[in-house]
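Here's the structure we're looking at; comments come further down.
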Amino acid sequence: MDSVVTFASLIILLFIWMSLSQKADEAKRRQQTILKKLQCIEEHLGLNEVSLEETALQVKLIQLLHEGKMVEAVKRVRESLGLSLLEAKQYVDQLKQEHGL
């Protein structure tokens, strides 16, 4: 009798586990769908994480350029974006040109 109760309990636990597993999988699929839609919206608006960080960097760079701190601006670009010295200089030069500095 005890083995029948134990077996029935295991079967019930198995069904509960399967049900919870299916719900977790469904929630994960919904989460992934929401994240994909959010990424599409961010891209459409130009608000992805990288562009926000780069925009903040550009604001600081423009401030430095207004103060005549070209070397500091290039240094910030190298540190923030991991560019070579030449690439960082070109980046800052492009920014200067775009903003008429």
Side-chain angles (χ1 to χ4, degrees):
M1 181 77 165
D2 285 339
S3 62
V4 172
V5 171
T6 302
F7 183 72
S9 298
L10 287 175
I11 295 294
I12 291 170
L13 287 174
L14 178 66
F15 282 120
I16 291 171
W17 178 78
M18 288 174 41
S19 175
L20 291 175
S21 178
Q22 287 175 342
K23 288 183 181 189
D25 288 343
E26 182 182 328
K28 187 174 182 178
R29 280 192 301 275
R30 278 187 276 149
Q31 179 186 24
Q32 288 173 342
T33 300
I34 291 168
L35 287 174
K36 285 179 185 177
K37 288 180 181 180
L38 181 58
Q39 287 173 340
C40 288
I41 291 168
E42 287 175 340
E43 287 175 13
H44 178 73
L45 296 175
L47 296 176
N48 59 30
E49 214 173 287
V50 173
S51 70
L52 288 176
E53 291 173 4
E54 192 168 338
T55 301
L57 173 64
Q58 287 181 358
V59 168
K60 181 63 179 170
L61 294 174
I62 291 168
Q63 178 185 358
L64 289 170
L65 292 172
H66 276 293
E67 296 170 2
K69 298 180 179 179
M70 176 77 167
V71 174
E72 178 66 24
V74 172
K75 182 179 175 183
R76 289 270 180 124
V77 171
R78 292 193 72 201
E79 291 171 351
S80 298
L81 302 179
L83 300 177
S84 71
L85 180 58
L86 177 61
E87 292 168 328
K89 171 81 168 67
Q90 291 170 342
Y91 183 96
V92 172
D93 287 341
Q94 179 68 30
L95 190 63
K96 280 177 64 174
Q97 184 180 8
E98 289 173 3
H99 293 277
L101 301 171

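Residues take their numbers from the sequence shown, with the count starting at 1.
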* Structure fact -> The side-chain contact (heavy atoms from CB on, under 4.5 Å) partners of I16 (sequence neighbours excluded) come to I12, L20
* Asked: Can you name the residues that form a side-chain contact (heavy atoms from CB on, under 4.5 Å) with Q22, not counting sequence neighbours?
  -> none
Which atom pairs, one a donor and one an acceptor, fall under 3.5 Å between side chains of residues 76-85 and the rest of the protein, sequence neighbours left out?
residue: R76; atom: NE; partner: E72; partner atom: OE2; Å: 3.3
residue: R78; atom: NE; partner: L83; partner atom: O; Å: 3.4
residue: S80; atom: OG; partner: R76; partner atom: O; Å: 3.0
residue: S84; atom: OG; partner: E87; partner atom: N; Å: 3.1
residue: S84; atom: OG; partner: E87; partner atom: OE1; Å: 3.2

* Give, for atom CD of Q32 and atom CZ of R29, the distance between the pair rounded to the nearest 0.5 Å. => 9.0 Å
* Just jot down the side-chain contact (heavy atoms from CB on, under 4.5 Å) partners of I34, sequence neighbours excluded, or say none. => none
* To do: Please list, chain by chain and in numerical order, all residues satisfying side-chain contact (heavy atoms from CB on, under 4.5 Å) with L14, sequence neighbours excluded.
  => W17, M18
With a cut-off of 3.5 Å and sequence neighbours excluded, list every side-chain donor-acceptor pair involving residues 91-101.
residue: Y91; atom: OH; partner: E54; partner atom: OE2; Å: 2.8
residue: Y91; atom: OH; partner: Q58; partner atom: NE2; Å: 3.1
residue: D93; atom: OD1; partner: K89; partner atom: NZ; Å: 3.0
residue: D93; atom: OD2; partner: K89; partner atom: NZ; Å: 2.8
residue: Q94; atom: NE2; partner: E98; partner atom: OE2; Å: 3.1

* Asked: Partners of R30 by salt bridge (charged side-chain N to carboxylate O under 4.0 Å, His left out), sequence neighbours excluded?
  -> E26
* Not counting sequence neighbours, list each pair that qualifies as a salt bridge (Lys or Arg N to Asp or Glu O under 4.0 Å) and has a residue in residues 4-17. => none
* Structure fact -> Smallest heavy-atom separation, A73 atom then L65 atom, equals CB-CD2, 4.1 Å
* To do: Show which residues join F15 in its hydrophobic cluster (side-chain heavy-atom contacts under 4.5 Å, direct or indirect), or state none.
  => F7, I11
* Structure fact -> Sorted by chain and residue number, the salt bridge (charged side-chain N to carboxylate O under 4.0 Å, His left out) partners of K69 (sequence neighbours excluded) come out as E67
